[in-house]
Amino acid sequence: MEAIQTVEQFNEVIQSDKPVIIKFYADWCPDCKRMDMFIGDIMEQYNQYDWYQVNSDEVEGLAQKYEVMGIPSLLIFENGEKTAHRHSAYTKTPDDVIDFLQQELD
């Protein structure tokens, strides 16, 4: 999963004409570490999409702009628009994440 380091890079990534999946996380977040344990398998299953991650503590302003109230959160963007958002409470298990991706992408 490629890390997004700046707001400019983020804005460039979300302009894609195909869906991109972006994980918002923070280093101190235990649920983020739990997600890291299973997200690799899901990324392989959905490898036709580009995956990125944003550390909400390091790239300021994005979490607020896109209403990321809890982490980890998964957001899907296409053509510069947020098309889907799965909040932290619903990203705790692989099934939660797969259900979200199936609803939004398949």
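As the structure is a prediction and not an experimental result, all values here were calculated from the model.
Side-chain contact check for W51 versus I39: some heavy-atom pair is nearer than 4.5 Å. At least one side-chain heavy atom of L101 sits under 4.5 Å from a side-chain heavy atom of I42. Y46 has its side chain out of reach of M43: every pair of non-hydrogen atoms, C-beta onward, lies at least 4.5 Å apart. By the 4.5 Å heavy-atom criterion applied to side chains, E2 and Q9 are counted as neighbours. For the pair Y90 and D99, the minimum side-chain heavy-atom distance is 4.5 Å or more. Within the 4.5 Å cutoff, the side chain of N55 has no heavy atoms near those of the F24 side chain. The closest side-chain heavy-atom distance from L74 to V97 is below 4.5 Å. Residues I98 and F38 form no side-chain contact, since every pair of their non-hydrogen atoms from C-beta on lies 4.5 Å or further apart.
The closest donor-acceptor contact from the side chain of S16 to the backbone of V13 lies at 3.5 Å or more, if one exists at all.
In plain terms, the two heavy atoms of G70 and S73 that are nearest each other are O-OG, 2.6 Å. Summarising the geometry of I21 relative to I76, their closest heavy-atom pair is CG1-CG1, 4.2 Å, with the distance given to 0.1 Å. Heavy atoms only, all atoms of each residue included: C29 and P72 are closest at SG-CD, 4.0 Å.
Following chains of ILVMFWY side-chain contacts shorter than 4.5 Å, one cannot reach V59 starting from Y25, and the two form parts of different hydrophobic clusters.
Residue M69 holds its CE atom at 8.5 Å from CD of Q64, rounded to the nearest 0.5 Å. Residue Q48 holds its CD atom at 7.5 Å from CG of L105, rounded to the nearest 0.5 Å. With rounding to the nearest 0.5 angstrom, the CD atom of Q53 is 7.0 Å from the CG atom of D36. To the nearest 0.5 Å, the span separating NZ on K18 from CG on N79 amounts to 12.5 Å.
With respect to D31 and K92, a salt bridge is recorded, a charged nitrogen being found less than 4.0 Å from a carboxylate O.
Tested against V54 for a side-chain contact (heavy atoms from CB on, under 4.5 Å), the candidates V68, I22, V7, L75 yield a single pass: I22.
The aromatic rings of F77 and F10 sit perpendicular, their planes meeting at an angle over 60°, well past the 30° parallel limit.
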